[in-house]
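As the structure lists them, so they are numbered: ligands from 1, and atoms in each ligand from 1. Bear in mind that the values here come from a model prediction, so they are computed numbers and not experimental data.
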Amino acid sequence: MNKPLRTFISGGAGYIGSHCVKALGQAGHDILVYDNLSTGHEWALLYGRLVKGDLADANLLDATLKDFRPDAVIHFAASIQVEESTRKPLLYYRNNVINSVNLLEAMLKNNIHYIVYSSTAAVYGTPDKVPVDETMPLNPINPYGATKAMVERILADTAKVTKLHYMVLRYFNVAGADIDGELGQAYQDTTHLITRAIKTALGQSQQMVVYGTDYPTKDGTCIRDYVHVNDLAEAHVLALDYMLKNNQSDLLNCGYGHGFSVKEVIQKVKSVSGIDFKVVETGRRPADSPEIIAANEKIKKVIHWEPKHDDLDVIIKTAWEWEKKLQKSGKK
Ligand code: UDP
C-alpha cells in the first residue's frame, strides 16, 4: 500500500470485523469503526477509534462520514444466523438490506465511492455442483442468504449509475481465532459448529448436537469449507487495495476449495482438546445445504490471495486456545 487509507468499518467490533481491523491497522490504515455493539466488543478493537452507532441512525451515520471523510468503507455489520433468519425474516431484511441501503445513501451523499461488502456462500443455496464458482446462479434457500444476495444486486445496480465501486467477498465458513491469540469469536449464543463443539469440550454445554445424518455425503453429515479468520481478514486488505488501485468492482469467493463434514470437525475438536464430550444426533436443521465448497481460483488470480492457515488443525487449535482464554478472563 502506498499511502495510508482512511477506512470506515461498519461492524468492526465483531468477530470477523475485529480481525480485519487488526490486519488493516498493521497495514497502516487510519480506521474508524462504526458498531452498535449488539454482538461486538470495544475490547476487540486493537486499532482505530469507535463510534457507537447504528446504521439505522441516518443522522449519526451521515455526521460520522462527514467528519471522518473515509476513502473507503468495509461493511461487516449484519445479522448472520441462518436458523434465526428463518424465524425472524423481517429482522434480517431490515438489518441487512435496509441498513445497507442507508449506508450506501450516506456514502454517496458524502462522495465516498468504494466499498468492500461481506457476502456469503449462502447466496448459492444448494449448488448443483461443488466447488461452486462465482458464475453460478444465486439461489439462496434462507432469508439470511437472500438478504446478502439482494445487497449484492443493489451494489451492482447502484454501481451502474453512480461512481460506486465494490468488492463483494463471499465468505465460506469462517472459523478459528487470531494466530497471535489476541482475538477470537466472543458471542454467547453462537450457533456455529466449531465454537459449539469447543464450548461443549470446555463443559459450557452438556452435549453437542449433530443436525442431520442422512445427507447425500460421505458420512451423511453436511460438508463445509472452513476458512481461517486471519486469512479472510487478509483478503479484505488485498481487496481494498485492488479496488482503489484499479478502480474496479468484482465479486470473489473466499474459501479454501475443500471441505470437512460435521462428524470430521467434531472428531478434530475431540482430538485437539483431548476431551471426549457427548454428541447426540438429531434431525436436519431447516435450510441447510448438504455441501458447500468454494472454487477459489478467481480470488487467487485477481487479488493474489495466498492463504496461510489452510489447515483444520490450526483452525481448531487457535479457536480452542482462544475459548480457554475467554473462559478464564470472564469476557463474553
Ligand atoms: N451444525 C451441527 N451442530 C451444531 C451447529 C452446526 O450439526 O451445533 C452443522 C450445521 O447443521 C451445518 C454445519 O454444522 O451443517 C455448519 O453450521 P454452521 O452454523 O457452523 O455454519 P453454516 O454453514 O450454517 O453457515
Side-chain angles (χ1 to χ4, degrees), residues 14-16 39 76 78-88 92 96 118-127 130-132 138-149 169-177 184-185 187-229 232 253-256 258-270 273 277-294 312 315-316 319-320 323:
Y15 168 50
I16 300 172
T39 56
F76 291 104
S79 298
I80 60 157
Q81 312 269 10
V82 168
E83 191 273 334
E84 182 186 53
S85 79
T86 63
R87 287 184 286 111
K88 301 178 183 172
Y92 277 67
N96 294 2
S118 303
S119 190
T120 168
V123 297
Y124 295 115
T126 303
V130 289
V132 58
L138 303 194
N139 192 14
I141 57 169
N142 50 60
Y144 167 65
T147 64
K148 291 285 172 176
L169 295 179
R170 292 182 180 152
Y171 309 161
F172 283 62
N173 285 63
V174 188
Q185 195 171 59
Y187 179 50
Q188 190 73 349
D189 301 320
T190 184
T191 56
H192 287 137
L193 177 67
I194 292 178
T195 316
R196 275 199 175 166
I198 286 173
K199 283 180 181 290
T200 312
L202 284 170
Q204 294 177 21
S205 301
Q206 303 266 304
Q207 62 183 40
M208 172 83 206
V209 174
V210 175
Y211 297 126
T213 52
D214 61 346
Y215 285 99
T217 58
K218 56 189 171 186
D219 62 15
T221 64
C222 291
I223 294 176
R224 295 287 183 273
D225 185 339
Y226 295 93
V227 189
H228 193 278
V229 65
L232 186 78
N253 282 345
C254 201
Y256 290 145
H258 56 86
F260 296 94
S261 74
V262 172
K263 282 187 176 170
E264 285 172 332
V265 168
I266 292 175
Q267 201 43 51
K268 183 63 88 178
V269 173
K270 286 185 175 181
S273 65
F277 49 87
K278 185 172 171 194
V279 179
V280 178
E281 294 177 1
T282 63
R284 294 182 178 194
R285 195 173 68 169
D288 256 349
S289 296
E291 183 171 12
I292 314 182
I293 292 173
L312 189 63
I315 289 175
I316 290 180
W320 169 246
E323 201 63 46

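Close N/O approach between Arg196 and ligand 1 is found [any backbone or side-chain N/O within under 3.5 Å]. For ligand 1, the polar-atom distance check finds an N/O of Leu193 within less than 3.5 Å of one of the ligand's N/O atoms. At a 3.5 angstrom cut-off on N or O pairs, Tyr226 does not count as close to ligand 1. Distances between N or O atoms of Val262 and those of ligand 1 include no value under 3.5 Å.
Within the 4.0 Å heavy-atom shell around ligand 1 one does not find Gln81.
With Phe260 as the aromatic partner, Lys268 does not meet the cation-pi criteria of under 6.0 angstrom to the ring centre and within 45 degrees of the ring axis.
Looking at Arg285 against ligand 1, only its side chain comes within 4.0 Å, counting heavy atoms. No part of Ile194 comes within 4.0 Å of ligand 1, judged by heavy-atom distances. The residue Arg284 has no part lying near ligand 1, judged by heavy-atom distances below 4.0 Å.
Between the side chain of Ser119 and the backbone N or O of Arg170, no donor-acceptor pair lies under 3.5 Å. At distances below 3.5 Å, at least one donor-acceptor pair connects side-chain atoms of Thr217 with backbone N or O atoms of Gly220. Panel note: side chain Ser205, backbone Gln207; no donor-acceptor pair is recorded below 3.5 Å. In this structure, the side chain of Asn253 engages the main chain of Val132 through a donor-acceptor pair within 3.5 Å.
Between Ile141 and Thr126, some side-chain heavy-atom pair lies under the 4.5 Å cut-off.
Every atom of ligand 1 is numbered from 1 in the order shown, and the set under 4.0 Å from a heavy atom of His192 is 18 (P), 19 (O), 20 (O), 21 (O). Atoms of ligand 1 lying under 4.0 Å from any heavy atom of Asn173, numbered from 1 in the order shown and given with element: 21 (O), 22 (P), 23 (O), 25 (O). When each atom of ligand 1 is checked for a heavy atom of Val210 under 4.0 Å away, the hits are 7 (O). Atoms of ligand 1 lying under 4.0 Å from at least one heavy atom of Met208, given by number and element, are 3 (N), 4 (C), 8 (O).
Note on residues 190-218: pairs passing salt bridge (Lys or Arg N to Asp or Glu O under 4.0 Å), not counting sequence neighbours, are Lys199-Glu323, Asp214-Arg284, Lys218-Glu264.
Interatomic distance, Thr147 OG1 to Ile80 CD1, rounded to the nearest 0.5 Å: 11.0 Å.
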Take Tyr215 and Glu291, measure what side chain to side chain donor-acceptor pair (under 3.5 Å) needs, and give me the verdict at the end.
CA-CA 9 Å; Tyr215 285 99; Glu291 183 171 12; over 6 Å; no
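With respect to atom 3 (N) of ligand 1, the closest heavy atom belonging to the protein is Val209 O, 2.7 Å. Nearest protein neighbour of atom 5 (C) of ligand 1, counting heavy atoms only, is Thr191 O, 3.3 Å. With hydrogens left out, the protein atom closest to atom 15 (O) of ligand 1 is Cys222 CB, 3.0 Å, a heavy atom. Protein heavy atom closest to atom 23 (O) of ligand 1, with residue, atom name and distance, is Arg224 NE, 2.6 Å.
Closest to atom 12 (C) of ligand 1 by heavy atom, among Asn142, Thr282, Asp288, is Asp288. Closest heavy-atom approach to atom 7 (O) of ligand 1 within the set Phe172, Tyr171, Tyr211: this belongs to Tyr211.
Aromatic ring orientation, Tyr124 versus Phe172: tilted (interplanar angle from 30° to 60°).
Taking the side-chain contact (heavy atoms from CB on, under 4.5 Å) definition, one finds that Thr39 meets it with Tyr187, sequence neighbours left out.
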